[in-house]
Structures are given as C-alpha cells and as structure tokens.
> 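Take a look at the following structure, please.
Quick note on labels: first sequence line is chain A, next is B, and so on, each numbered from 1.
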Protein chains: 2
Amino acid sequence: MTVTLADVAARAQVSPATVSRVLNGNYPVAASTRERVLKAVDELDYVLNGPASALAAATSDLVGILVNDIADPFFGIMAGAIQAEIGGPGGRAGGERLAVVCNTGGSPERELTYLTLLQRQRAAAVVLTGGAIEDAPHQAAMDAKLRKLADAGTRVVLCGRPQAPETGAIALTFDNRGGGQELTGHLIGLGHRRLGYIAGPQERTTTRHRLEGHRAALAAHGIEEDPRWTVHGRYDRRSGYEATLELLRRDPSLTAVVAANDSVALGACAALRDSGLRIPDDVSVAGFDDLPFSIDAVPALTTVRLPLAEAGARAGRIAMGREEAPAGGIAVVRGELMVRGSTAGPRE
Amino acid sequence: MTVTLADVAARAQVSPATVSRVLNGNYPVAASTRERVLKAVDELDYVLNGPASALAAATSDLVGILVNDIADPFFGIMAGAIQAEIGGPGGRAGGERLAVVCNTGGSPERELTYLTLLQRQRAAAVVLTGGAIEDAPHQAAMDAKLRKLADAGTRVVLCGRPQAPETGAIALTFDNRGGGQELTGHLIGLGHRRLGYIAGPQERTTTRHRLEGHRAALAAHGIEEDPRWTVHGRYDRRSGYEATLELLRRDPSLTAVVAANDSVALGACAALRDSGLRIPDDVSVAGFDDLPFSIDAVPALTTVRLPLAEAGARAGRIAMGREEAPAGGIAVVRGELMVRGSTAGPRE
DNA sequence: CACTACATAGAAAGCGCTTGCTGTGACGTT
DNA sequence: AACGTCACAGCAAGCGCTTTCTATGTAGTG
C-alpha cells in the first residue's frame, strides 16, 4: 500500500542501502545513481517513514519546547524565537527538525508526562520555558527526569527558568529579582510609600523572585511592608482586576500598584478606572515583561522589559549545539526598566 | 545501555509479548502477571521506545497543530483549546497523545514541510488553523498533501480556515465575511460615510473575506468606496500604526477606521492619538477577533468576537474522533459584534 | 603489467516493539 | 472419566530503515 524504501530501490534499480544513503547524504553516491534515485523518489511520491528511520538510526529529529500557557504571548514569543532557531522546516538549520511546542498549562503532572513522551520519542533536545514549580517532590521528579534525558543524549535547555542543579541542563535565567527590585525602586524614587503588590501564583519561582525583588527595594528604602499590601493571584488580566479591588478594599490609601506581569497590570488599570481612580494621578501602575500590548495601554505601562525573543533564540541555538553553552551552564538574562506614563509621583 | 522490553521481560520472568500486552492493555493478562511486570517496569525505570512502537504498530500518537504565528494570541488561544481536547498528557482523553504545535510563520513552504514531517511521523491527526494562502500552485500542493494525509488515515481538520474541497478534510470555517459586514454595517449605522480600511496581507483568505464583508456593507448602503481608503499591511500593531498614518495622509476627513484585527486596531488607535485625534470623538476605530486585551484598550475596542476557544475545542474533539464531523464536512462559525467605546457617531 | 588503493554498490544483520498463531494447563460438561 | 473450552502466555515473524562489512570495478603506481 504505502511506498517504502524498497519500492524506490526497485524502481531506481539499486539496493535499499543506496537509496537510504542518497536520502541521508552522508556517504559517497555517484551522481548518476543519485539522480536516478531522486527521480524514483519523486515519481513514487515516497515519504520516509519517521519511526522506522528513528528506530534504525537510534536518533530522532524531534525537539520539544515546553510552555506553561500557549495562549499567553509571554510564552508564545519565546516559543516562536526558539522554534525559529531550531530551524523547523525552512529555518536556517540544515537538517530538518520538527520543533514542537507542548502546552503544560502550568500543571506539574503534564509537565512530567510531556517529558516522558519526549523521552519516548528520543527527542534530540528539549527546551523548558518559564518559571518552575516550587514543590519539593515535583522538583525532585523533574530533576531526575531531566537528568535521565540528558544522560540519554537529549540536550536540555531552560529558558527563563532557574537552574536545575545536577541535571546537566543549561539555564538561561531571567533576573526577575533584580527587575522587580528596580521597578519598585523606581516607584519609591517617585515618592511612593504605600505600594500594593499583586503577585502571581504562590508556588512558582517567577512569582517568588519578583516578589523578593519588590521587598528588597522596600527594605532598601526603609519602608516597612504591610502584609495587607500583597495579594496572590494568577498571571492573567482577570486576576489583576480582582486583586486590585481587594487591595483597594484593604487599604484605599495606596498610591501605587505593582503587578506580577503586564496582563495583571492591565486588569489592575481596569479595576482602578472602574473605581473612579485616575492613572497615574491617583494611583501609579507598573507591570512586568513588556509584552507588545503594554505600550498601547493608556497611559502606556511602565514595566520591565524581558528580552524574550533574544533569550528564546539563544536557547534555541544552544539546544541545537550551534552556540556554546554559557560558562557554568548558566547565564543570567537581565531585564530593562521601561518608564512610561502609568507611573508618576503620588498625589499628595 | 538503555532498558528495553526484553530486559523488563527477563526481570519479570515473562516473555516480551506479555510485557507489551501489559503496557498496551488490550489483551487479557492475569492480574498477578501484570503486577509482576509493572513492578519490573518500575524498578528498571523503563521507558517505551516510541519509534519502535510506532513502527511495529504502524500508528503513532502524534497530533500536529499548525499555526501561522505562535506569538499571536489569536493562534495561541486556538492551539491551547485544541491541545486541551487532544488530551495531551493529563487531558480527558484516555490514550496519551503528543499534541504538538508547529509554527509556520505564515510561510507557504514551511506549511508544506511541516505537513511532510507530520506525514513522516505518521501523525494520527493534523489540525490547521487560521487563514489559508491564496496562491494557486501552493493551494494545489496543499490540497494534494492533505488528500494524501487523509488517505493514509490521518484525520485532517481545518479550524478557522476555508474548506479544502476534495481533500477529505473537515472544516470549521469562521464567517469572516459576515462579521466584517456586520461590523462595517454598525459603523454606517452610526452615520459614518468615509471609512478607512486596514486590511491584512493580500494573499490570505482571511484578509479577503473580511474585506469583502466590509465592501458588501458599503455597497448595501449605497456608499461608493474610494480606493484610497484601503491599505494593506501585516496583522500586527506596527502595521496598523503605519497604515493609519498613511490613511490620514490620503484622506484626513475619514471618520472611522476599520482594522483587519485587534492588534492592527491597537496600532491604529496609537497612530490616531499621536496625530492628536480623539477616539471615538474624532475617529471611530473597530477591530476584529476580540482578543483578551481588546477590552483594555481605552476606549475599549468595538470588535467582532470569534469563539476561538470553542472552535478550537471542537476541532480538537473532531480530530480525536470524539465528536461527529459536521454534515457536509463543513461548519460555519459565526462571530458576534461587540460594541464598545471605540465607536460612536461621526463628529459633524 | 602486476599490484595496491580507492570509490561505489550490495548483502545482511539488526533497531525494539507488536501481534497472529500456537501451545498448555485448569475448568466445566456430558 | 474423557473431552471440549477457556484463559493466558510464548514463539516468531515482521514493521521499514540504517549501517557495518564485504565485493567489485576502476584508477593509480612502481
């Protein structure tokens, strides 16, 4: 039914071995023979059987990209950049690799299961993006899995994720702590003393690091933090909206709201507006990530730009072995404070 | 080196066949034997060899999702919904399937190559999202490819894409034409007579259909279109910004700007503001898609909501054979006009 | 001109798994 | 008590490709 290598070989009057060699092009084949084979391939409309090839060669051209939420541009941008470098079809890379992105939805189990699936497929490389989950058992399981993947020859790269020690993985870590500190420092510099903070989900490293940065800035300026000023939520607009209302309820005298990311900040802006407060006259708002839409908020969002595309591209190159891994297996990627209209001095 | 089925069999004191059957669970195996096998699997930390399994069984658990731009939430939302239904790991589906999203970047060649790659992997199903490219040779090539995939047993579903006749593909098509007509009709109803239109790239079906809807609305109200009122660009913010400036240059008397999608509309808003024009007092702006951020624009964007998540979910279910295909292999998914603050009557 | 060296092509042995078919005891039936 | 039935388990034949090793024709060398 389906055309196989043997069929092509028969048609081209050569052995299957020769056809294989023509297709893989790593063995001398006379030009005339090659052409005959190629012609047969074309005429029969032959398509290599991936699994068979992977089995025999004990390698595969699959590269996995794990993301927490594919609908979030934060991940979409990184994934796109990674994929572009992996080369997918048409990319600059020579060999064609199937770069696939897997959506974990932030679930620990799915993260692990996808890794197993990729291990099954004997993936050539795996790139994990975004923050990790801070749950000891899960982290141990992940580390063990990553270790096993690395041992099996799969290149493992972490992009925007803290280093996983002892796993052989290469990490491109975002300096969420530093960015958070700089951002809150900026607000304090403007004169703010009562700052609300809308954090992400509790158990994520990204959440913790950004919050730590925020607190470090407060501490550095001798501002004592009121526990009422911090609310946890998800990394989305809705959560930002609700958290802001909660913050306002707890302490209406806040003069600034720092959000875990830009989507949350947008929600915060909406909540403030709906509460009759002006931005930044009454309350300043700051985000994080600098996603494309942040500049379109009115007023434009002050935020910390993370070079998502650049980091993703680099991760992709490292995964393909086209760029050397950073010394020590880890590189810290810094953010850049983008001061825009959503922050100003407090009203009084 | 790596653990194989045979190793597990040896350890559990059974034949490889039995181990395989335990793992696939579609053949009676005595409970005691099963347990012994499972124990051995666990102890040896055995991971099935995907390619070998796929080769022997002549099937694979890979499902491909093709998107034009993974960094665009339009595709991200659909892809996420599809993937959730495919069941990826942890999904509701029983068998674990590796749902992978492939980023074509809108390039015809990459689209085709990804399809070949998926064909190689003997993918169980393929879902193509977003508009198609209107280039006869490419379309013919695509159709042939889809036909071949379908013939090989791969289920092919088009989500938000026009039907591909004679290919055996099932289509969930967005009613871009109807949505566009309704949107422009709304603007005309408000009293606008001079409407600028920022279209997407020329060769995409989505672009053409939305534009056709726009023109149909104009025609229906007896408004003669000025060719200067239409500008083509990409589906992004930047393009919307530039196109709007161009539109303003060509005809400063325009009272409304209709954008190809929400990102473009956001860029248009920015350009108008930067030109000293108020929205909607001086110029009304309308988008398309109703992406999550559209409601956060100030003023909130009037747009056509496309049920991306719902359509994606349905496409996913059909791809998995968990939902019946629509009669005739095609279903039209309608959009819903969302009237918000960015549109109002013209100034004069 | 005999002999070695090289460039190609083929034969064949797997890669690790699935599955149709063939045992083989333990039961149930007349 | 003899025999048909089941319920399991194993054998072995591939799935379609890669690759090592070997064979062969040709070219280069003294």
> Mind listing the closest non-hydrogen atom pair of B:Thr129 and B:Leu66 along with its distance?
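Looking at all heavy atoms of both residues, the shortest contact is OG1-O, 2.8 Å.
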> Taking the side chain of B:Leu48 as its heavy atoms from C-beta onward, which of C:dT18, C:dG16, C:dT8 lies nearest to it?
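Closest nucleotide among those given: C:dT18.
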> Would you tell me if any nitrogen or oxygen in the side chain of A:Ser53 comes within less than 4.0 Å of OP1 or OP2 on D:dT18?
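Yes, such a contact exists.
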> Of the options D:dC15, D:dC11, D:dT18, whose atoms approach the side-chain atoms of B:Ala56 most closely?
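Side chain of B:Ala56 sits closest to D:dC15.
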> Between C:dG16 and B:Thr4, is there an OP1 or OP2 to side-chain N/O distance shorter than 4.0 Å?
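Result: no.
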> Where do A:Pro326 and A:Arg314 come nearest, in terms of heavy atoms and distance?
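A:Pro326 and A:Arg314 have their closest heavy atoms at CB-NH2, 3.9 Å.
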> Side chain of A:Thr33 only, heavy atoms from C-beta on: which candidate in C:dG10, C:dA9, D:dC11 is closest?
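Nucleotide nearest to A:Thr33's side chain: C:dA9.
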> Quick one: B:Asn49 CG to C:dC15 P, roughly how many Å, whole number?
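From B:Asn49 CG to C:dC15 P: 12 Å.
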> Rounding to an integer number of Å, can you tell me how far A:Leu44 CG sits from D:dG16 P?
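Roughly 15 Å, once rounded to whole Å.
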> In whole Å, what is the span from the CD atom of B:Gln13 to the C1' atom of D:dA9?
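Whole-Å distance recorded here is 14 Å.
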> Quick one: does B:Arg21 reach the base of D:dG10 with a side-chain donor-acceptor pair under 3.5 Å?
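Yes, the side chain and the base share a sub-3.5 Å donor-acceptor pair.
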> Just the rounded figure in Å: distance from P of C:dG16 to CG of B:Asp7.
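These atoms are roughly 9 Å apart.
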> Of the nucleotides D:dA9, D:dT19, D:dG16, which one has an atom closest to the side chain of A:Ser20?
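Of D:dA9, D:dT19, D:dG16, D:dT19 is nearest to the side chain of A:Ser20.
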> Remember a base hit wins even if backbone is also touched, and classify B:Ala57 as base, sugar-phosphate or nothing at under 4.0 Å, heavy atoms.
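Sugar-phosphate only.
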> From the options C:dT8, D:dC17, C:dG10, select the nucleotide whose nearest atom is closest to the side chain of A:Pro28.
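So the side chain of A:Pro28 is nearest to C:dT8.
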> Do A:Tyr27 and C:dA9 share a donor-acceptor pair, side chain to base, under 3.5 Å?
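Check passes, donor-acceptor contact within cut-off.
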> Taking all non-hydrogen atoms of both residues into account, name the closest pair between A:Ala132 and A:Pro162 and its distance.
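That would be N-CD, 4.2 Å.
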> Send over the distance from B:Asn24 CG to C:dT18 P, rounded to a whole Å.
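Nearest whole value for this atom pair: 5 Å.
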> C:dC17 P sits how many Å from A:Arg122 CZ, rounded?
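Nearest whole value for this atom pair: 8 Å.
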> Using the closest heavy atom to pick a nucleotide of DNA chain D for each, name whichever of B:Ala30 or A:Ala6 lands nearer the 5' end.
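Its nearest nucleotide lies further toward 5', so the answer is B:Ala30.
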> Does D:dC11 have OP1 or OP2 under 4.0 Å away from a side-chain N or O of B:Ser15?
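B:Ser15 to D:dC11 OP1/OP2: no side-chain N or O under 4.0 Å.
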> Rounded to whole Å, please give me the gap between CG in B:Asn26 and P in C:dG20.
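One finds 10 Å between P of C:dG20 and CG of B:Asn26, rounded.
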> Quick check: closest heavy atoms across B:Ser107 and B:Ile133, and the distance to 0.1 Å?
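Looking at all heavy atoms of both residues, the closest pair is C-CD1, 4.5 Å.
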> Return the minimal non-hydrogen interatomic distance between B:Val156 and B:Ala150, and the atom names on each side.
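In this case the closest contact between B:Val156 and B:Ala150 is CG2-N, 4.3 Å.
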> In whole Å, I'd like the distance from the CG atom of B:Leu55 to the P atom of D:dT18.
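Going from B:Leu55 (CG) to D:dT18 (P), I get 12 Å.
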